[in-house]
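The block underneath contains the structure these notes are about, expressed in structure tokens.
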Amino acid sequence: MQATENKLTTDPATQPAMTGSMDWLKHPDRFVRRHIGPAPSDVEQMLAVLGYRSLDELVDAAVPANIRLAKLLKLPAGRSEFGVLNELRAIAAQNQVFRSHIGLGYHDCITPPVIQRNILENPGWYTQYTPYQAEISQGRLEMLLNFQTMVCDLTGLEIANASLLDEATAAAEAMMMCHRLQHEESRDVFFVSQHCHPQVIEVVQTRAKALNLGIVVGNHLSFNFDGRLFGALVQYPDTTGAIHDYQAFAEDAHRAGALVIVAADLLSLTLFKPPGEFGADVAVGSAQRFGVPLGYGGPHAAYFATREAFKRQMPGRLVGVSKDSSGRPALRLALGTREQHIRREKATSNICTAQALLANMAAAYAIYHGPEGLKNIARRIHRLTAVLAAGLERLGYKVGQASRLSSSARGDTDGQAGRLPYFDTLVVDLDARNSSDLVKIAETHRINLRVIDAKTVGVALDETATVEDLRALLQIFNIGPVDFSLEELVEQPGPVIPSSLARTTPFLTHAVFNRYHSETEMLRYLKRLESRDLSLTTSMIPLGSCTMKLNATCEMVPVSWPEFSGIHPFAPPAQTQGYRILFGQLEEWLAEITGFSAISLQPNAGSQGEYAGLLVIRKYHQSRGALHRNVCLIPTSAHGTNPASAVMAGLEVVAVACDKEGNIDVADLRAKARAHKDRLASLMVTYPSTHGVFEGSIEKICAVIHEFGGQVYMDGANLNAQVGLCRPADIGSDVCHLNLHKTFCIPHGGGGPGMGPIGVAGHLVNFLPGHPVVEVRASARGADNLKVELQPIGAVASAPWGSASILAISWVYIAAMGAAGLTESTKIAILNANYIAKRLEEYFPTLYQGHGGLVAHECILDLRDFKSVTAEDVAKRLMDYGFHAPTLSWPVAGTMMVEPTESESKAELDRFCDAMIAIYGEISAIETGRIDQQNNPLKNAPHTAEMIAADNWTRPYSREQAAFPAPWLKEHKFWPAVGRIDNVYGDRNPVCTCAGMEAIQPER
Ligand SMILES: Cc1ncc(COP(=O)(O)O)c(C=O)c1O
């Protein structure tokens, strides 16, 4: 180990960068000082409590020596925030932001500044966690309920979830739901319209292939259903912009016993008939154009709506209305207190992290504009498109989609040359011209068009389109100025939506969508919701396995730069050189951190990384003629997404036992691996384990799997305990996903966004995900060793690099921390966890300990011995002390898993421990009969301001004891918005749109 690594780099005076004479001329500020919570003097005190002389001594005792990395990572040296942002600016400047008319499911839009500043760029919103602790999450739960209501209204369906990851994966989830809903095994074929967006088609195909489902891609106008079909997917408007009347198609499908999924553009549904009214069973799509920047592919919220009858099969999180202890309406995640849908192998989906922040933005956009505002935005786009169509026709072009479709088209035309109705997208037949020539001309005007084929281009308009854009487009198509004016075109009659396709039903009639149209009202609404939610801006969120560390402002700032946020995901490579540099460097750094040969940045959540990684493993076996290898061993302690992903990847799950220390039972593992040796595909293992310890036998575990022909998938959710100390590839894993929204500082956004890239060893590089629209090829280290041709598993997400814009966050983090800073960070994460375990050991013993009696970066506190209070009571009581509870009852029921992260200072750790110790005192009073077993501060927690201020206080403890049990609360009190929520009531009386809220919530 290098000497510099032993020093506390949190002290700038000991920074390696400061030792040379020239280094003294650099600004003394180092980001590592901002990211790491404890000051060097605190570290010394904490080590003294733990009985270690140095941080390295502690880390040497906690992390098994056989897996330690014997060198410093090869990464750039740490820098100041200012320096890193300047460097990134230079990279961003190599992106060119062209006006995009590409369409294909992504449209530029205007993010209302009040939403940009107060949600997207506001840590009060973006540092929230998924709303499992509902009493302190009422703000985002209300906004997500608004999102669900908006989606139900616009799609005409009965129930919608609180977001999915992107349009294509939402379509794949819908296909799987339709398959689950079928009871006949012989139904194993799914129809996909050839006029769906190409990325949607490919993601669905990738998913189907893993499950041995057949996909027929064809023309919905000529398709004949048979008894093998379980479902069908169509796009509305289709990828060429045409709006079809799918009513007859849906009837045919239903007659044949198949379900119908419509991938629909939400904005178009303000003018056109909603899918629920023409027979759709499911509607999916993207809410991106509701105020969310393009971001070169994301993050954006996808939506998923269906019939009430299917709600128990629905993927994703669902917000529902229930009541609190005072009988008042209160919101929480419905159909289960945690993930209603991730039931291990029986899961309806593996989706955990979704896109809450972006769903909140989309709902806020709909609230700000209201139904009339949205309709006006849509009408204007539609009218501009009609003017453009008229202009192009005047120039002699054939415009529209009719020429491209069968003349037996079912459905209305708009009466003009038999053209099918459109909303915002036109297809232009260039006749004598070449698409590529025209596209080049357009690029000289900094405009992007979509190439459909050699003689056809597509043009999509959006909210940002102007009359000047139309002029520029006409000039491009005419290759010179046109001899007519736009005014002449505007005088012609506007587009008429055929009555069979026009929307006639009202939408967004609820008060919330009609109340906040002035900026003052909107600002106050957003602030009101924010104030009901506990985020990292209030106190530490010690959620084990979630790594709620600092999301530094300098990491977040670049996400809003237009050079990152304003680029269409399918913009030509020449315009995205800055992004390519960012991806290349990030891939290289992540490869160095993990020890792998290559990284794919496509999966946009940990769950998607798991699924993609397992598909890579399957493809590898297939390439060796061993497709029959389909058994996946998973320890019983695994996160629910692991078995759910394995099933999605077509694998059979076999559980492996854990011993009483929480470690994988190696004898059982060996026995299971041997028993399935001919069919063993992989093991999924989390390291350090979900029990919070560095298992000493991890190398042996990997060796056993390899011995029996399997591959090792490492769940990298706990990578925060590994960075700089050990590496997944060195330990023996073949694939690993990294939750960039844990270890690499992407904020959790109240339940998303996230990113789950995968790293793979050299023999798996050829199988990494591809993309049908943009060529993606991970830069592989040691690529010379690759002997076979690329055989990508197909696309696993809509966009080639997932939620590309937030990759800048992780880039800034790694660049600013540098190798020494990252290693230091890991060591402090381990120190902080052990400090908490030590301070609380007398009160709440740590369930599992590893090497040296120490934990890794988190500790499981055992509360199972208490007779009259539960871990849930403690979680709710922590709210009264101003804290978010640790992870509750996972991975062991009746426990709390605490992960403080390196970003929390000693003062904050002490405050948390003081709160826990004070609660222990309250528990003792209950257990010894000094306080009533039911009517006590824990059972009645959390206490709201309303309860404390009530004229009638009859509880056997004081108001002060209820609401101000610790001294710091006098300085700053976070008030839970509602009392304890009744989950059972909510599930018995499900209400998942704001209709119920409006009825029960009095006007403020
Ligand atoms: C151990 C573990 N694995 C996988 C996941 C899934 O990651 P994501 O939520 O990004 O899908 C989580 C999420 O909490 C986790 O804790």
Side-chain angles (χ1 to χ4, degrees), residues 63 67 69 73 350 352-353 544-549 586-587 589-617 632 634-635 637-642 644-646 664 682-695 698 701-702 705 711-746 748 754-761 764 768 778 796 802 807 810 813-814 822 825-826 829-830 856-858 891 899 901:
V63 186
I67 60 163
L69 184 66
L73 293 168
N350 67 341
C352 183
T353 291
S545 199
C546 301
T547 316
M548 295 294 289
K549 57 163 72 172
L586 188 59
E587 283 172 14
W589 297 343
L590 294 176
E592 170 66 11
I593 288 168
T594 55
F596 285 116
S597 294
I599 303 283
S600 164
L601 296 172
Q602 193 174 106
N604 46 15
S607 61
Q608 305 305 291
E610 292 172 18
Y611 161 68
L614 292 172
L615 287 188
V616 165
I617 289 175
C632 185
I634 303 184
S637 60
H639 193 257
T641 50
N642 288 190
S645 300
I664 292 180
S682 62
L683 164 77
M684 292 185 90
V685 58
T686 307
Y687 199 73
S689 73
T690 52
H691 289 160
V693 295
F694 284 103
E695 290 177 71
I698 185 68
I701 289 169
C702 296
I705 297 304
Q711 294 279 291
V712 177
Y713 183 96
M714 187 171 279
D715 178 328
N718 290 345
L719 202 75
N720 210 47
Q722 289 197 47
V723 178
L725 300 183
C726 57
R727 307 194 297 180
D730 300 348
I731 293 171
S733 76
D734 302 286
V735 193
C736 174
H737 82 258
L738 321 173
N739 297 66
L740 297 189
H741 47 298
K742 297 182 183 193
T743 311
F744 296 98
C745 296
I746 291 177
H748 283 72
M755 273 296 278
I758 49 172
V760 295
L764 300 177
L768 287 174
V796 296
L807 291 174
S810 301
Y813 174 60
I814 299 172
L822 288 173
S825 189
T826 312
I830 293 171
H857 65 313
E858 57 194 10
E899 181 182 0
T901 85

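Along the sequence shown, residues carry numbers from 1. Because the structure is a prediction, the values reported are computed rather than measured.
Side-chain contact between His639 and Pro891 is absent, with no heavy-atom pair separated by less than 4.5 Å. Between Leu614 and Val616 there is no side-chain heavy-atom pair separated by less than 4.5 Å. Two residues are said to be in side-chain contact when any heavy atoms from C-beta on lie closer than 4.5 Å; Lys549 and Cys745 meet this criterion. At a threshold of 4.5 Å between non-hydrogen side-chain atoms, the residues Leu764 and Gln711 count as touching. Annotation: side chain of Leu725 is not in contact with side chain of Leu69 (no heavy-atom distance under 4.5 Å).
To the nearest 0.5 angstrom, Asn718 atom CG is 12.0 Å from Leu738 atom CG. Here the CD atom belonging to Glu610 is positioned 3.5 Å from the OG atom belonging to Ser645, to the nearest 0.5 angstrom. Rounding to the nearest 0.5 angstrom, the gap separating the CD1 atom in Ile617 from the OH atom in Tyr713 is 8.0 Å. Going from atom OG of Ser825 over to atom OH of Tyr813 covers 3.5 Å, rounded to the nearest 0.5 Å. Annotation: the span from Thr594 atom OG1 to Leu719 atom CG amounts to 7.5 Å, rounded to 0.5 Å. For the atom pair SG (Cys736) and OH (Tyr687), the distance works out to 12.5 Å, reported to the nearest 0.5 Å.
Thr826 contributes a side-chain N or O that, together with a main-chain N or O of Leu822, makes up a donor-acceptor pair within less than 3.5 Å. For Arg727 (side chain) and Glu592 (main-chain N/O), a donor-acceptor pair under 3.5 Å exists by modelled atom type. The backbone N or O of Ala761 sits nowhere less than 3.5 Å from a side-chain atom of Asp734 that would complete a donor-acceptor pair. A donor-acceptor pair is defined here as one N or O able to donate and one able to accept, closer than 3.5 Å; such a pair exists between the side chain of Thr690 and the backbone of Ser637.
By the side-chain contact (heavy atoms from CB on, under 4.5 Å) test, Ala729 is found to be paired with Phe596, residues two or more places apart in sequence or in another chain being considered. Looking at residues two or more places apart in sequence or on another chain, you find no salt bridge (charged side-chain N to carboxylate O under 4.0 Å, His left out) involving Lys742. The side chain to side chain donor-acceptor pair (under 3.5 Å) check on Glu899 picks up Thr547, with sequence neighbours excluded. Residues satisfying the ring pair (Phe, Tyr, Trp, His ring centres under 6.0 Å) criterion with His741, sequence neighbours excluded, are His748. Residues satisfying the side chain to side chain donor-acceptor pair (under 3.5 Å) criterion with Ser600, sequence neighbours excluded, are absent altogether. The side chain to side chain donor-acceptor pair (under 3.5 Å) test applied to Glu695 returns no partner, not counting sequence neighbours. Asn604 meets the side chain to side chain donor-acceptor pair (under 3.5 Å) test with Asp166; sequence neighbours excluded.
Heavy-atom minimum distance, Gln722 versus Ile731: OE1-CD1, 3.7 Å. Minimum heavy-atom separation, Pro728 to Met714: CB-SD, 3.7 Å.
Here the options are Asp715, Asn642, Leu683, the test is side-chain contact (heavy atoms from CB on, under 4.5 Å), and the partner is Ile634; only Asn642 passes.
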Residue pair His691, Ser689: steps toward the side-chain hydrogen bond (donor to acceptor under 3.5 Å, both in side chains) verdict = CA-CA 5 Å; His691 289 160; Ser689 73; 4.8 Å; no

Residues Ile705, Ser682; criterion side-chain contact (heavy atoms from CB on, under 4.5 Å); working and verdict = CA-CA 7 Å; Ile705 297 304; Ser682 62; 5.9 Å; no

